[in-house]
Each structure stands twice: as structure tokens, then as C-alpha cells.
Enquirer: 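Sharing a structure below in C-alpha cells format, with a few things to ask.
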Amino acid sequence: MTRLSGITPSGHVQLGNYLGAVRRWAAEREPADLFFVSDLHAMTTPHRPQRLRALTREQFAVLIAAGIDPDSLFVQSDLAGELGALNWILECTCSYGEAARMVQFKERGAGQDGSRVGLLTYPVLMAADILLQGADQVPVGSDQDQHVELARTLARRFNSAYGQVFTVPEAVVPRTAARVRDLADPGRKMEKSSPQSPGVVFVLDEPDTIRRKFRRAVTDGLDRIRYAPDDQPGVANLLEILAACTGTSPYTAAGSATTYAELKDAAAEAVIEELRPLRERTSELLGDPAELERVRAHGAKRATERAQPRLQAAFHVTGLR
């Protein structure tokens, strides 16, 4: 059973990414699981090349530092040739209506003359990511479930038209993890694409920066420490973060402080200690570019070896070879 998970370098990895996904990937990974940095997906909106390159390297290093096996890790663009070829085959299998019905395209690009064509077609590229690696399962949230369903549709259609080449993948809902909210606005998720928000904690932030962000976290005027997400979302967010980093429940964490200041300090220190080995190891990796490139090249080689038999089979049955 192969599971495939990816992370897009649209910004620096933040605490929600780590507690909600990366840490779980490392802890629960099986030998056949695969992980990748989806840098091609970061190009659907205008971007700065130098920043994309730096963020890709950083995220690759963070995943290794978190405990992801380098043999199972690769960067998407390192397979650009294979993905480009399969992406075209799948685009010729997908209808315009299927692509245009994707919710993210309708919300972000439909009807806008300036929208990139890639915003319309990137779900097909996502299907190529999945099918090229032969993934059986794709752990995704509800916002990506529709894209996995498109991959299933295209795999079935291709197999029916040309012959059995692709595994039909299944979307799976990951085990519930920490729900990390923006410290300055607990009504929204903490997001790596919102660097301007003072409430986003990045995994490579220095300890003093983390402490400062937590001390400025929004709470309320009730002056009560209890886990009540509907009534006290800011306090609940701090309790969930503290619980996730200390291995307790938010209800138990509520008994560890008597004031909001104590709760903020406790959450900050727990986050600092949770992230310390990750930050130190990532710094080591980024400080040795040659070694990081060697590991990346190794991952690309392994991913290419997995992909080539399926791509060649797709070429053959469609009459390209």
C-alpha cells in the first residue's frame, strides 16, 4: 500500500503545517509511503523565482529534519520531464468541463482574464503526480478531495480506453490532528501564505520571535482558562497548541495555567522545545548545500525509477511508442 503526500512551497513551513501534517507523516509513515515538495503547483499564481527556489530547498530540508526517509522524498520539478509527458496525456483524457468544475478554480480563477491556465489544469498535474508514482491512497483534506476524485476518474477512463496501466487511487482522511489557528485571528487557520500576519508561527522562527508572537496572541476579556472553542476561540487555540506539543488533551492543558499570561508563556515554551530539534537539524542541512543537493538527487533518481515503467506503458498503449 503506497500513500502519497505533498506540500507546496507557497511560504515558509508554519506551526500548523508541522503539527497537522509533517510531524504525523514522520511518525506514522510506512515503508512504501512517498512524500514530495510540489514546487510546480506554486506556479499557478505569480511568483518570484528566487523565492520559490529558496522555499523549495527549505521545505525539502524541513521534511528530512522531521524524520522523513530521504529514499521516499523528492521534489516535484525534478521529475518535470516525466510529469510533463503524463500531464499532456491526462489533459487529453480530461474534459474542459471536468477541469472547470473544480471548486478552487471556480473560487480563484473562473471568469478572470488574468487567471493562469495552470490554475485550471493543475488538478490534472496533481493526477499525474499521483498516477505516475502508483499511489494507492492520497491523504487529503476536504479541499483536495475533489482533485483526487478527478485522478480516479482519469485513471479509470484511461485504463478503459487503452489498457490497464494506472492504479485507481483512493482519497483518505488523515487522522485528526491539531487544529492550529492564527494567533492574531483565531477565526482563521494559520497559513504559510500569510507571512504578513503577526499570528503565524514559522517552524524556523527563533525562540524570542516565538515568545513575542505568543505574548501578543488574541484571547478575550473573560479571564477564564477553559477549553470552550465556541465561546473562547483564542484561548482554545492556545490550549490545543499546548496540548499538541506536550502530548496531553486541551482539557488537561487548561489546568496548567491560572492566567492568560501564564498560558501564553507555557504554550510558547512548549512550541520552542517541540521545534528545537527540527530547527537545529534544518539549519545543519541548509548549511551544507552540497549534501542537500546529493540527497535531493538521490530522491529524484528513486522517484524517476518508480515512474518510468508506468510512463513507458502509457506511451505504448496510447500509440506514442
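Only a predicted model underlies this, so the values are computations on that prediction, with no experimental measurement involved.
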Enquirer: Give a yes or no on whether a salt bridge exists between Arg211 and Glu269, defined as a side-chain N under 4.0 angstrom from a carboxylate O.
Expert: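 Salt bridge present between Arg211 and Glu269.
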
Enquirer: Just do the side-chain hydrogen bond (donor to acceptor under 3.5 Å, both in side chains) check on Tyr227 and Gln232 with the steps written out, would you?
Expert: CA-CA 8 Å; Tyr227 184 59; Gln232 295 180 271; over 6 Å; no

Enquirer: So that I can tick it off, tell me whether Glu170 and Arg152 are bridged by a salt bridge, with the cut-off set at under 4.0 angstrom between side-chain N and carboxylate O.
Expert: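 Answer for the salt bridge query: no.
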
Enquirer: side-chain hydrogen bond (donor to acceptor under 3.5 Å, both in side chains) between Asp129 and Gln133: does it pass, once the steps are laid out?
Expert: CA-CA 7 Å; Asp129 291 323; Gln133 295 298 320; over 6 Å; no

Enquirer: Indicate if Met126 and Val172 have the same hydrophobic cluster label, given that clusters are the connected sets of ILVMFWY residues with side-chain heavy-atom separations under 4.5 angstrom.
Expert: no

Enquirer: Are the side chains of Ile130 and His147 in contact, using a 4.5 Å heavy-atom criterion?
Expert: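 With C-beta onward as the side chain, the pair stays apart.
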
Enquirer: Who are the ring-ring contact (aromatic ring centres under 6.0 Å, His included) partners of Tyr260, not counting sequence neighbours?
Expert: none

Enquirer: Between Thr248 and Thr246, does the side-chain hydrogen bond (donor to acceptor under 3.5 Å, both in side chains) criterion hold? Intermediate values first, please.
Expert: CA-CA 6 Å; Thr248 61; Thr246 56; 3.2 Å; yes

Enquirer: Flag the pair Arg181 and Glu191 as a salt bridge only when some basic side-chain nitrogen lies within less than 4.0 angstrom of an acidic carboxylate oxygen.
Expert: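 The answer is no: the pair does not qualify as a salt bridge.
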
Enquirer: Do Leu204 and Val13 come close enough that some side-chain heavy atom pair is under 4.5 Å?
Expert: no

Enquirer: Would you say Leu263 ends up clustered with Leu19 if hydrophobic residues are merged whenever their side chains have heavy atoms under 4.5 Å apart, either directly or through other cluster members?
Expert: yes

Enquirer: State which residues pass salt bridge (charged side-chain N to carboxylate O under 4.0 Å, His left out) with Glu58; sequence neighbours excluded, sorted by chain then number.
Expert: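 Result, salt bridge (charged side-chain N to carboxylate O under 4.0 Å, His left out) vs Glu58: none returned.
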
Enquirer: Checking Arg294 now: which residues fulfil salt bridge (charged side-chain N to carboxylate O under 4.0 Å, His left out) with it, not counting sequence neighbours?
Expert: Glu291

Enquirer: Shared ILVMFWY cluster between Leu125 and Leu34, side chains joined below 4.5 angstrom?
Expert: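 Linked within one cluster.
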
Enquirer: Is any side-chain heavy atom of Phe202 closer than 4.5 Å to one of Leu15?
Expert: no

Enquirer: Apply side-chain hydrogen bond (donor to acceptor under 3.5 Å, both in side chains) to residues Ser95 and Glu98 and explain how you reach the verdict.
Expert: CA-CA 5 Å; Ser95 73; Glu98 287 171 324; 3.3 Å; yes

Enquirer: Is a salt bridge present between Asp205 and Arg279, judged by a nitrogen-to-oxygen distance below 4.0 Å?
Expert: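 No, this pair does not count.
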
Enquirer: What pairs of residues pass the salt bridge (charged side-chain N to carboxylate O under 4.0 Å, His left out) test when at least one of them lies in residues 30-46, not counting sequence neighbours?
Expert: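 Sorted pair list: Arg3-Asp33.
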
Enquirer: Is it true that Asp78 and Arg296 have a side-chain N and a carboxylate O under 4.0 angstrom from each other?
Expert: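 Salt bridge: yes.
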
Enquirer: Under the ring-ring contact (aromatic ring centres under 6.0 Å, His included) rule, collect the residues that match up with Phe315, sequence neighbours excluded.
Expert: none

Enquirer: So, using ring-ring contact (aromatic ring centres under 6.0 Å, His included) as the criterion, who are the partners of Phe35 when residues are at least two apart?
Expert: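 Scan of Phe35 (ring-ring contact (aromatic ring centres under 6.0 Å, His included), adjacent residues dropped) gives Trp25.
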
